[in-house]
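Working notes for the structure below.
Note that this is a predicted model, so its numbers are computed, not measured.
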Amino acid sequence: MTHKSNGSVRRILTFPAVHPCEAIAPATLVDSLINLAHAISDCKSTNFTSNKGNARESVRQIGVLRVFLEELRKGSPNLPESVVLGLSELHLTFQKIRHLLEDCTREGARLWMLMNSERVADHFRVLARAISTALDVIPLGAIHVSVEVKEYVELVTRQSRKARFEVEPADKAAMKRVISVLNLFENGIVPNRRDLNQVLDYLGIGSWSECDNEAKFLDSEIALEEETQEAGFLGSLMGFITYCRCVLYDVIDGEQSDIRRRKSSTEVGLLSCLNPEDFRCPISLEFMTDPVTVSTGHTYDRSSITKWFRAGNKTCPKTGQKLPNTELIPNLALCKLIQQRCSESGISVPNSGRRNRTVSVSVGSLAAERAMNMVASFLACMLEENNNSNRAAHEVRVLSKTSVLNRSCLVEAGIVPHLLKLLSSSSVQENAMASLLNLSKHPKSKAVIVENGGLELVVGVLNKGLSLHARQHAAGSLFYLASIEEYRELIGEIPEAIPGLIELIGKGPDRGKKNSLVAIFGLLMHHGNHSKVLAAGAVPVLVNLLESGTDIEEFKIDSLAILAALAENPDGTVAILRCSGALHWVVELLQSSAASRAGKEYGVSLLLALSMNGGAEVVAPLSKSSSLMRSLYSLLGHEGTSRASKKASALISVLHEFFERRPSGLVSPILPRERFVHVW
């Protein structure tokens with residue numbers, strides 16, 4: 001998990017520290033050390049939930065050294081080089097200790113820090129030895145401080161060298177309780193609530209939201225540790241905290257209960273100042289899924305820069321500067337911003353192969369699987385008995401959002417039919433619909449939804465949902481259900497389904513537009529739905545969306561993809577050509593340097609389909625545009641995808657054929673025939 005410190009973002013139990021430069025003024029160095037010592041000493045009153053003794057011993061030692069540093073600032077304006085060297089090493093160590101103490105007090109990481117107490121104690125021990133080494137370098141006889149202060153420094157030097165910094169007995173006992181509960185999970189035995197409460201009380205976790213923070217932290221760590229042995233143990237801890245959150249708390253407290261809670265003004269302001277194009281990799285020009293930074297400070301998508309290096313390049317692609325090494329540093333801050341931007345814009349969050357959140361159960365996480373089975377059964381009983389249904393539906397919504405394991409356990413526990421019954425409930429509808437959206441990603445749940453009459457119920461929420469959020473969740477569910485050919489036909493046969501999606505594209509929020517666009521595209525894979533989409537007025541709605549100047553690229557791409565699919569039939573071509581300006585807009589898109597490769601691919605596919613079905617009415621105006629022809633030829637090269645290149649080649653062929661059939665002497669071809677290139 002990342003943790004903000006002085007405006008930067010770092011992962012827990014990592015200690016990025018900067019060594020003072022050699023030319024630093026001694027007075028500046030001492031001032032900086034005193035500031036660090038003050039920051040560390042302020043942790044004295046902090047409530048450490050684990051590693052209490054080790055943390056407080058480190059704070060005590062730094063407090064003693066602060067007295068030494070303050071007296072040093074008063075009495076020694078000029079310091080020998082050996083003293084500056086020792087103080088520089090001390091400065092480096094102080095930075096790391098501050099990071100370690102921040103981690104010891106981090107909310108959301110309490111369980112993880114407890115279970116890593118031995119590792120934390122090792123860090124305290126190593127840093128204490130570093131303090132001793134730095135103080136050994138400083139010749140106390142060469143500086144002007146009182147004898148009493150010198151004795152304090154010598155005492156700290158000896159203590160930091162000999163301090164044991166071991167795991168404390170109370171921490172060991174709490175860890176033992178956690179391991180005992182995990183063993184019960186593995187054996188399919190329901191743990192005693194008293195044991196769970198003892199652990200949470202020890203860690204100071206007393207509410208649903210605090211449990212949820214712990215779960216979010218563990219989830220982010222699992223994402224970073226996938227394909228490692230650590231992932232299995234993290235999964236077990238996730239099972240523990242998830243079980244506690246679901247079973248021990250009847251009330252969802254605080255802001256965590258609001259799924260749509262507003263971002264802080266700082267986050268909103270930051271996103272509004274950023275250009276979405278900054279989230280694209282300079283190499284691939286696509287949204288980065290795993291941004292990493294090279295030594296020049298420029299950021300690229302991991303897959304793209306890795307290919308660059310494998311091709312034998314040792315320079316920064318953006319600057320051309322030779323790189324001293326090929327080390328790649330994950331840009332966690334940018335990754336978070338990209339995910340937040342995508343989430344708020346209603347577009348799909350890019351997923352990298354390295355951090356695919358839909359992984360199956362990790363090796364060694366049997367406890368997580370068994371714990372999730374118990375949680376699913378517990379929630380199924382709550383829903384069946386109508387006992388705090390909204391609380392149970394909310395929990396299902398949270399659990400089913402990212403994890404394949406969770407979805408599988410919930411579906412197997414028979415959650416889906418209970419959620420369908422709740423769609424008519426005003427107080428539970430949104431949580432129930434959001435849960436069904438998440439669960440519809442699971443293969444088995446699709447059949448369960450259809451077999452229990454869920455299609456009509458979901459379409460009902462799509463059209464008459466009590467909130468726009470419930471309606472957009474319904475549209476998303478139809479998208480996943482439409483991945484099955486048989487269900488595409490069934491959805492299309494419901495009279496209100498396609499018109500409801502089209503209405504949401506025109507009038508819904510961004511996420512509702514996105515969900516409806518992809519649902520319509522999926523439904524068009526069944527040929528019988530083409531006429532129904534046209535009859536629902538899809539074409540003018542899509543053209544209006546394109547001409548509205550939306551800055552969400554995925555809306556443009558999805559709209560073009562639907563129009564291209566519709567244009568493959570003569571009726572679709574006629575409907576598109578009836579929309580004034582549609583043809584001109586697509587031509588301008590292909591000529592735009594800002595358009596994405598995917599957008600241009602669907603744009604040229606649309607023009608080709610319109611040309612094939614529209615004949616001279618389409619081809620004649622296209623053939624008069626020299627800039628269009630240049631754009632088409634550029635797609636034959638590196639600017640276009642493989643599919644765009646083929647479509648561009650076919651369209652160029654159509655345009656040349658049109659010229660050849662015209663009476664000679666009237667109009668000459670825009671480009672010489674010999675420049676035409678076949679790429680089939």
Side-chain angles (χ1 to χ4, degrees), residues 3 5-6 10 12-17 30 32-72 86-107 109-138 140 145-146 148-176 201-204:
H3 178 48
S5 177
N6 295 336
R10 67 179 178 86
I12 197 166
L13 287 193
T14 60
F15 313 120
V30 173
S32 182
L33 272 167
I34 292 173
N35 290 335
L36 279 171
H38 273 292
I40 293 170
S41 297
D42 287 343
C43 295
K44 183 183 298 184
S45 59
T46 303
N47 180 27
F48 296 102
T49 57
S50 61
N51 301 284
K52 301 179 182 71
N54 293 333
R56 287 170 181 157
E57 173 61 18
S58 289
V59 171
R60 185 195 66 79
Q61 291 181 1
I62 301 301
V64 173
L65 292 178
R66 187 183 70 182
V67 176
F68 160 67
L69 293 168
E70 289 174 343
E71 187 163 329
L72 184 64
L87 294 178
S88 295
E89 294 301 320
L90 204 60
H91 191 281
L92 195 70
T93 304
F94 276 20
Q95 294 177 62
K96 296 179 179 180
I97 290 174
R98 183 181 62 176
H99 288 321
L100 180 55
L101 291 172
E102 287 173 350
D103 292 340
C104 286
T105 59
R106 174 172 170 73
E107 292 186 7
R110 297 174 184 178
L111 177 62
W112 189 89
M113 288 293 288
L114 170 68
M115 302 309 292
N116 283 274
S117 290
E118 188 169 328
R119 179 179 168 190
V120 173
D122 285 340
H123 282 305
F124 276 117
R125 188 182 308 113
V126 169
L127 293 175
R129 301 296 186 270
I131 289 176
S132 174
T133 301
L135 293 176
D136 280 338
V137 175
I138 299 174
L140 294 178
V145 294
S146 66
E148 183 181 7
V149 168
K150 288 181 181 179
E151 290 176 350
Y152 282 149
V153 172
E154 291 170 348
L155 177 63
V156 170
T157 303
R158 292 193 300 271
Q159 289 178 338
S160 59
R161 185 181 299 117
K162 296 179 180 180
R164 300 176 67 87
F165 289 102
E166 295 179 340
V167 180
E168 298 162 38
D171 288 347
K172 288 182 178 179
M175 292 167 64
K176 187 176 180 180
D201 288 345
Y202 182 77
L203 295 174

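In this structure, CD in Gln61 is found 7.5 Å from CD1 in Ile97, a value given to the nearest 0.5 Å. Rounded to the nearest 0.5 angstrom, Thr49 OG1 and Asp201 CG are separated by 12.5 Å. Note: Cys104 SG to Asn54 CG = 8.5 Å, rounded to the nearest 0.5 Å. With values rounded to the nearest 0.5 angstrom, Phe68 atom CZ is found 12.5 Å from Ile62 atom CD1. Here the CG atom belonging to Leu69 is positioned 5.5 Å from the CZ atom belonging to Phe94, to the nearest 0.5 angstrom. From Leu65, atom CG reaches atom CG of Leu36 across 12.5 Å, with rounding to the nearest 0.5 Å.
Side-chain atoms of Met175 and Glu118, non-hydrogen and from C-beta on, never get closer than 4.5 Å to each other. Side-chain atoms of Phe165 and Val126, non-hydrogen and from C-beta on, never get closer than 4.5 Å to each other. For the pair Val145 and Leu140, the minimum side-chain heavy-atom distance is 4.5 Å or more. The closest side-chain heavy-atom distance from Phe15 to His123 is below 4.5 Å.
Within 6.0 Å of atom OH in Tyr202, more than 12 heavy atoms from other residues, nucleotides or ligands are found, so the atom counts as buried in its surroundings.
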Check the pair Ser146 / Glu71 against side-chain hydrogen bond (donor to acceptor under 3.5 Å, both in side chains), numbers first and verdict last. CA-CA 8 Å; Ser146 66; Glu71 187 163 329; 3.2 Å; yes
As a quick check of understanding, evaluate side chain to side chain contact (heavy atoms under 4.5 Å, CB included) for Met113 and Ile12, giving each step before the final call. CA-CA 9 Å; Met113 288 293 288; Ile12 197 166; 4.0 Å; yes
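When every heavy atom of Asp171 is checked against every heavy atom of Asn51, the shortest pair comes out as OD2-N, 2.8 Å.
Asp122 and Arg119 are not joined by a salt bridge, as no carboxylate oxygen comes within less than 4.0 angstrom of a charged side-chain nitrogen.
A search for salt bridge (charged side-chain N to carboxylate O under 4.0 Å, His left out) contacts involving Glu166 returns Arg164, not counting sequence neighbours.
Within the 3.5 Å criterion, the main-chain N or O of Ser41 finds no donor-acceptor partner in the side chain of Arg66.
Residues His99 and Gln95 bring no donor and acceptor atom of their side chains to less than 3.5 Å of each other.
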